[in-house]
Protein chains: 2
Amino acid sequence: MAEPAGISSLTLNRLSVYLRCLRQLQDSDVTHVSSSQLAQQFELSAALIRKDLAQFGEFGIRGTGYRVDDLVESLIKVLGLDRAHNLAVVGLGSLGSALARYLSINDKPFRIVAAFDVDGRKVGHKIGHLTIHHSREIREIIPQTGAQIAVLSVPESAAQRCYDDLADCGIKAVLNFAPVQLKQAPSVRTKSVDFQINLEELAYFLSS
Amino acid sequence: MAEPAGISSLTLNRLSVYLRCLRQLQDSDVTHVSSSQLAQQFELSAALIRKDLAQFGEFGIRGTGYRVDDLVESLIKVLGLDRAHNLAVVGLGSLGSALARYLSINDKPFRIVAAFDVDGRKVGHKIGHLTIHHSREIREIIPQTGAQIAVLSVPESAAQRCYDDLADCGIKAVLNFAPVQLKQAPSVRTKSVDFQINLEELAYFLSS
DNA sequence: ACCGACTTGTGAACGATCTCACAAGCACGA
DNA sequence: TCGTGCTTGTGAGATCGTTCACAAGTCGGT
Ligand SMILES: NC(=O)c1ccc[n+]([C@@H]2O[C@H](COP(=O)([O-])OP(=O)(O)OC[C@H]3O[C@@H](n4cnc5c(N)ncnc54)[C@H](O)[C@@H]3O)[C@@H](O)[C@H]2O)c1
Ligand SMILES: NC(=O)c1ccc[n+]([C@@H]2O[C@H](COP(=O)([O-])OP(=O)(O)OC[C@H]3O[C@@H](n4cnc5c(N)ncnc54)[C@H](O)[C@@H]3O)[C@@H](O)[C@H]2O)c1
């Protein structure tokens with residue numbers, strides 16, 4: 001394999017898309033695929049796909065293209081999906097519950113191993129076969145579970161405090177859904193998904 | 001005001017962030033703010049903030065900074081948030097319901113005016129004070145409601161068909177949550193939010 | 001064994017985005 | 001009225017991301 005150096009989010013996100021597409025091809029028993037065939041599926045240039053892939057090694061065969069099975073395997077390795085990732089979910093409101101449900105179905109390499117809330121009606125009860133703990137126990141419980149990634153779906157007002165707790169107890173990555181600009185901890189890779197911002201972008205295009 | 005020309009998504013999304021921050025300042029009775037003060041809040045350079053804002057006109061006062069109230073008002077106008085936007089939600093599973101709930105609370109300029117599903121247990125029932133219709137009625141009902149934006153939260157297998165229906169009946173923008181690469185209609189501004197891709201990006205950083 | 005048709009991987013050109021640095025402008029006090 | 005101190009708006013330059021174009025390599029047919 002190859003470069004550890006700064007791979008951009010854009011490239012990484014496209015790798016996920018390629019992987020998804022390649023798996024569909026596997027299901028259709030396609031064994032080989034060229035960069036231009038892939039490029040047609042999404043609206044990308046073939047060169048970009050080749051550049052993206054080439055950053056991690058030489059996966060293709062000149063004159064032939066890429067062997068689908070091999071490329072799937074390589075991408076899984078590159079993205080780190082060949083090992084299980086333990087997740088904690090913090091905030092089991094309507095969004096958090098939906099995410100938890102989604103993850104237990106689509107469980108491939110991501111597995112929920114801890115759940116937290118503050119609502120007395122939820123703490124102590126189960127979501128799936130997992131007991132919901134009180135958030136004040138985050139620091140105590142997370143290290144026992146081996147969770148490295150946290151999904152943060154609490155109200156805005158609680159987001160920063162929960163984030164800091166998570167950072168303190170060894171969480172390495174957070175996917176945040178609260179519409180706030182988190183003051184980030186240096187030890188934590190943080191990514192936010194902001195529904196409202198996306199809607200507002202669409203609103204802009206409608207009124208112009 | 002100024003340029004209609006191609007504003008990038010990056011800029012637009014930052015404008016939303018600025019707006020959110022400015023509203024907090026309003027609540028704290030701060031009347032003036034400089035680009036460098038804003039820059040501290042998020043981790044951005046002051047110059048970038050000024051460039052972003054300057055694309056739409058001269059909102060600042062040299063030597064003083066920006067008047068918070070004025071800038072809020074200007075950004076609301078720029079983003080098109082000064083008028084109501086009617087939304088349709090398609091697919092009221094766990095995610096769709098969470099989104100619908102979220103939008104009815106946080107209703108500022110976005111209002112749900114139509115809801116669709118195919119599940120017999122849902123069609124005919126209400127979500128909030130809105131009746132859920134069968135998806136086959138999308139083409140008929142959407143034009144009556146004036147919805148211009150659709151939120152698409154159906155399973156992957158149904159996403160493309162629903163999208164095409166929405167495009168056909170005059171929807172101008174779609175926010176898609178299904179993990180698929182939609183074949184886009186030229187008349188529709190489309191944006192996707194992909195939970196899985198975001199998780200996979202985080203996974204990459206953990207294993208490297 | 002060779003040719004022709006094809007595809008990859010990649011340097012170089014291009015374009016978009018961000019940062020730097022400073023002239024132009026405003027407020028306030030002397 | 002003028003000067004000082006501050007901040008905006010903005011060209012010029014740096015950096016990052018994408019596209020172009022082609023040499024290098026592979027395969028199948030003859
Ligand atoms: N629901 C959506 O569709 C949606 C969409 C985009 C963003 N969001 C954001 O996601 C977050 C959650 O949204 P929601 O709709 O699920 O809200 P919700 O009110 O349904 O759920 C929030 C949950 O967090 C819990 N909570 C509160 N403080 C907590 C703490 N300190 N520690 C742990 N849990 C705590 C609450 O008890 C509740 O169960 C919000 O920030 C919201 O803005 C939601
Ligand atoms: N739940 C999550 O946290 C989550 C996160 C990320 C992405 N997603 C994606 O969002 C989509 C919905 O997820 P979900 O968890 O709500 O699934 P879900 O199964 O709970 O809900 C899907 C809903 O869509 C309805 N539906 C099916 N076909 C339809 C059609 N043709 N027209 C209208 N409605 C139809 C179903 O009846 C159901 O109510 C999926 O594509 C999923 O991959 C979900």
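Every chain is numbered from 1 and lettered A, B, ... according to where its sequence line falls, protein lines coming before strand lines.
Phosphate proximity of C/dG9 to A/R50: absent, as no side-chain N or O sits under 4.0 Å from OP1 or OP2. Residue B/S45 has a polar side-chain atom (N or O) positioned under 4.0 Å from OP1 or OP2 of C/dT19. Not one side-chain nitrogen or oxygen of B/Y66 sits closer than 4.0 Å to the OP1 or OP2 atom of C/dC26.
Within 4.0 Å (heavy atoms only), A/S8 reaches sugar-phosphate atoms of the nucleic acid but no base atom. Using a 4.0 Å heavy-atom criterion, one finds that B/S35 contacts the sugar-phosphate atoms exclusively. Within the nucleic acid shown, B/L44 has no heavy atom closer than 4.0 Å to any nucleic acid atom.
Comparing atom distances between the A/R14 side chain and each of D/dG9, D/dT18, D/dA21 picks out D/dT18 as nearest. If you check D/dT26, D/dG9, C/dT10 against the side chain of A/E58, the one that comes closest is C/dT10. The listed nucleotides are D/dG25, C/dC18, D/dT19; the one nearest the side chain of A/K51 is D/dT19.
Looking at A/D52 and A/R14, a side-chain N of the basic residue comes within less than 4.0 Å of a carboxylate O on the acidic one, giving a salt bridge. The pair A/R139-A/D164 fails the salt-bridge criterion, with no side-chain N (NZ, NE, NH1 or NH2) lying under 4.0 Å from an Asp/Glu carboxylate O.
A donor-acceptor contact under 3.5 Å is formed by the side chain of B/R62 with the base of D/dT8.
Side-chain atoms of B/Y163 come within 3.5 Å of backbone N or O of B/A185 as a donor-acceptor pair.
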